[in-house]
Amino acid sequence: MKTLLVAATGFEIKNILKYFELAHENQLETPDFDVLITGVGMTATAFALGRKLHQSRYKQVLNLGIAGSFNPDFPPGTVVQVSTDTFAELGAEDQEQFLPIEQLGFGESSYTAIPPQDVISPQLPTGTAITVNKVHGHQPSINAIKARLAPDLESMEGAAVFYCCNQLHIPSIQVRAVSNFVEPRKRENWQINLAIENLNDWAIRFLTNA
Ligand SMILES: O=C(O)c1cccc(C(=O)CC[C@H]2O[C@@H](n3cnc4c(=O)[nH]cnc43)[C@H](O)[C@@H]2O)c1
């Protein structure tokens, strides 16, 4: 069985596509791995990945992408393996308090990686992440999420990938490169090219066992 690479956009894995001489398409097949581009966000990701895993069997899913960092030890360019990812907005407000769905009795909001048994460990720093529909860019909400969940990273897809793979008991790992600190919105500070360069370099080494 093969590995499935999952990314929100083709741009985030552009150097992988170039290295393996693959076209920029949403679904690709190679002898060793397949590629799925889902679109940005947890809904697009859950739909595309759920459909793909219904059609084909994979030995593992590798979710690749860029992310925002809450952790000064993970500045832009850092490549991090995500251990646990939480749907941060899944719950209810009760005045100033936030009630996660666990407290409402409707299930789980956090999902973990299921590292495959037979592959080389990615050998990366590990961190926790949250998955959001709305990127944090306002200091009071950044302070609130740090106080509530103390995440290292945030993305818009990670927990959806872990959720799909947990539901189907498929090993899954998530590797993200930091493109920006989570801070009051300052798009000019984002280092997307550096993040993509480092993420793709790591992934090419991983895929070629170098
Ligand atoms: O211009 C913007 O405000 C903007 C907001 C979110 C993402 C983007 C992108 O161009 C990249 C899409 C991709 O990036 C991930 N990402 C990167 N940094 C963050 C973040 O600080 N918070 C949440 N997600 C982030 C995300 O997974 C998207 O798929 C532009």
Side-chain angles (χ1 to χ4, degrees), residues 4-17 24 26-27 35-50 52 61-90 109-111 113 124-125 127-165 172-200 202-203:
L4 179 65
L5 294 194
V6 177
T9 63
F11 187 64
E12 286 163 286
I13 58 164
K14 67 184 171 74
N15 297 352
I16 300 173
L17 299 180
H24 277 259
N26 289 347
Q27 298 200 40
V35 176
L36 176 68
I37 305 299
T38 60
V40 169
M42 57 187 96
T43 306
T45 297
F47 174 75
L49 182 56
K52 187 74 178 169
V61 170
L62 170 56
N63 181 206
L64 297 172
I66 59 173
S69 171
F70 293 91
N71 184 340
D73 292 338
F74 296 157
T78 313
V79 183
V80 180
Q81 185 182 5
V82 175
S83 52
T84 302
D85 207 319
T86 301
F87 291 103
E89 298 142 339
L90 201 51
S109 56
S110 291
Y111 293 87
L124 291 169
T128 59
I130 58 171
T131 296
V132 294
N133 277 314
K134 185 172 71 178
V135 173
H136 285 93
H138 185 46
Q139 199 61 54
S141 68
I142 295 170
N143 295 344
I145 199 69
K146 282 166 85 169
R148 181 159 67 86
L149 293 172
D152 293 308
L153 303 181
E154 81 171 18
S155 83
M156 302 174 81
E157 301 84 19
V161 174
F162 280 171
Y163 175 82
C164 290
C165 293
S172 59
I173 53 178
Q174 180 187 167
V175 175
R176 298 237 164 217
V178 173
S179 51
N180 57 284
F181 279 119
V182 178
E183 60 184 1
R185 186 175 162 77
K186 218 179 274 164
R187 190 64 162 72
E188 62 275 18
N189 286 355
W190 287 36
Q191 296 183 55
I192 291 180
N193 288 337
L194 172 68
I196 288 175
E197 200 75 24
N198 292 353
L199 178 71
N200 283 245
W202 175 84

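Order of listing sets the numbers, starting from 1, for every ligand and every atom in it. Since the structure is predicted, the reported quantities are computational estimates derived from the model, not experimental observations.
- Taking distance alone, with nitrogen or oxygen atoms compared against 3.5 Å, W190 stays at or beyond that limit from ligand 1.
- Remark: among candidates A7, G41, S179, G39, the nearest residue to atom 17 (C) of ligand 1 is S179, based on non-hydrogen atoms.
- Classification of R176 and E157 as a salt-bridged pair holds, one side-chain N sitting under 4.0 Å from a carboxylate O.
- Annotation: E154 places an N or O atom under 3.5 Å from an N or O atom of ligand 1; distance criterion only.
- Side-chain atoms of N200 come within 3.5 Å of backbone N or O of E12 as a donor-acceptor pair.
- With hydrogens and angles disregarded, no donor-acceptor distance shorter than 3.5 Å links the side chain of D152 to the backbone of A129.
- Atoms of ligand 1 found under 4.0 Å from any heavy atom of S155 (numbered from 1 in listed order, with element): 23 (C), 24 (N), 27 (O).
- In this structure, the protein non-hydrogen atom closest to atom 15 (C) of ligand 1 is I66 O, 3.3 Å.
- Here the protein heavy atom with the shortest distance to atom 13 (C) of ligand 1 is E12 OE2, 4.0 Å.
- Shown in contact with V135 at under 4.0 Å from a heavy atom are these atoms of ligand 1, numbered in order with element: 5 (C), 6 (C), 20 (C), 21 (O), 22 (N), 23 (C).
- The single protein non-hydrogen atom nearest to atom 2 (C) of ligand 1 is R185 NH1, 3.1 Å, given as residue, atom name and distance.
- With ligand atoms numbered from 1 in the order given, ligand 1 contributes 27 (O) to contacts under 4.0 Å with heavy atoms of R176.
- Under the 3.5 Å distance criterion, the side-chain polar atoms of Q139 are left unmatched by any main-chain donor or acceptor of E183.
- Protein heavy atom closest to atom 27 (O) of ligand 1, with residue, atom name and distance, is E157 OE1, 2.6 Å.
- Nearest protein heavy-atom neighbour of atom 10 (O) of ligand 1: R187 NH2, 3.6 Å.
- Note: an N/O pair closer than 3.5 Å links M156 and ligand 1 by distance alone.
- Contact analysis leaves G65 out of contact with ligand 1, as no non-hydrogen atom separation drops below 4.0 angstrom.
- Given atom 12 (C) of ligand 1, the protein heavy atom at minimum distance is V40 CG2, 4.3 Å.
- Residues P75 and T78 share a closest heavy-atom pair of O-OG1, 2.6 Å.
- Among all non-hydrogen protein atoms, the one lying nearest atom 19 (C) of ligand 1 is G68 N, 3.4 Å.
- The residue K134 has no part lying near ligand 1, judged by heavy-atom distances below 4.0 Å.
- Put simply, the side chain of S179 never gets that close to the backbone of I192: no donor and acceptor are under 3.5 Å apart.
- Between the side chain of D85 and the backbone N or O of Y111 there is no donor-acceptor pair closer than 3.5 Å.
- Residues V132 and H136 have side chains in contact (heavy-atom distance under 4.5 Å, counting atoms from C-beta outward).
- Counting heavy atoms closer than 4.0 Å to ligand 1, residue N180 contributes side-chain atoms (C-beta onward) but none from N, CA, C or O.
- Side-chain contact between I130 and F70 is present, with heavy atoms from C-beta onward closer than 4.5 Å.
- Looking at N63, its side chain never comes within 3.5 Å of a backbone N or O of V161 through a donor-acceptor pair.
- Judged by distance alone, the side chain of T86 and the main-chain N or O of A88 form no donor-acceptor pair under 3.5 Å.
- Taking every non-hydrogen atom of A8 and a distance limit under 4.0 Å, the qualifying atoms of ligand 1 come out as 29 (O).
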